Amino acid sequence: MDVQIVVAGEETAAEAESLADWLRGEPGLAGVGLTGQPPARGELGSVLDTLTVALGAGGAVSVLAASLRTWFAQPRRSDVRLRIRRPGGESVEIDAKRVGAAELETVLRRVLDRDEPGQG
């Protein structure tokens, strides 16, 4: 399953690139790509703010949660928000200031561990 992670914060592009690099180093994830939204009217280029993460089988949600927990703990991550969306459109927003390390995996599983959209 591929999930999208949209990064929002003071330095969106830099944070998205940092997160992509971090997740690419995670052997339990099947792949990570970085894309952007089309430029808004009056802007000259797109902002690379969206990661596509391929989750393989066998505990990939736990791997993603552990990796995000560690990345959030790095200095200067307190103003970052992530919107994580699964195929079918269901999503959860994680705010580094408000989500505790212990609840991060629970929050992700609520959206990502469903067999079919709308069930769970």
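Every value quoted in this text rests on a predicted model; they were computed, and no experiment measured them.
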Q.
Counting only heavy atoms not in Arg24 (residues, nucleotides, ligands), do more than 12 fall under 6.0 Å from its CZ?
A. yes
Q | Minimal non-hydrogen separation, Gly56 against Ala60, with atom names | A | O-CB, 3.1 Å
Q: Go through the steps for Leu68 and Leu108 under the test side-chain contact (heavy atoms from CB on, under 4.5 Å), then give the verdict.
A: CA-CA 10 Å; Leu68 288 176; Leu108 286 178; 4.1 Å; yes
Q.
Any side-chain to backbone donor/acceptor pair from Trp71 onto Trp22? Under 3.5 Å, distance only.
A. no
Q) Which pair of heavy atoms, one from Leu34 and one from Ala16, lies closest together, and at what distance? A) CD1-CB, 4.0 Å
Q) Can you find a side-chain donor-acceptor pair between Ser67 and Glu26 that sits under 3.5 Å? A) yes
Q) Any side-chain heavy atom of Val53 within less than 4.5 Å of one from Leu23? A) yes
Q: Working to the nearest 0.5 Å, report the span between CG of Leu55 and CE of Met1.
A: 5.0 Å
Q: Inspect the contact between Arg85 and Glu90 and indicate whether a charged nitrogen and a carboxylate oxygen are less than 4.0 angstrom apart.
A: no
Q.
Less than 4.5 Å apart, side chain to side chain, heavy atoms only: is that true for Val7 and Val80?
A. yes
**Q.** Sub-4.5 Å side-chain heavy-atom contact between Leu51 and Val3
**A.** no
Q: With rounding to the nearest 0.5 Å, note down the distance linking OG1 in Thr12 to CG in Leu48.
A: 11.0 Å
Q: Kindly check if the number of other-residue, nucleotide or ligand heavy atoms within 6.0 Å of CD (Glu17) is above 12?
A: no
Q | Euclidean distance, Leu112 CG relative to Glu105 CD, rounded to 0.5 Å | A | 10.5 Å
Q) Out of curiosity, Ile84 CD1 to Ile5 CD1, how far, rounded to the nearest 0.5 Å? A) 4.5 Å
Q | CG on Leu82 to CG on Leu104, rounded to 0.5 Å | A | 9.0 Å
Q | Rounded distance (nearest 0.5 Å) linking atom CZ of Arg86 with atom CG of Asp2 | A | 11.5 Å
Q) Mind checking whether Arg109 and Ser62 have side chains closer than 4.5 Å, heavy atoms only? A) yes
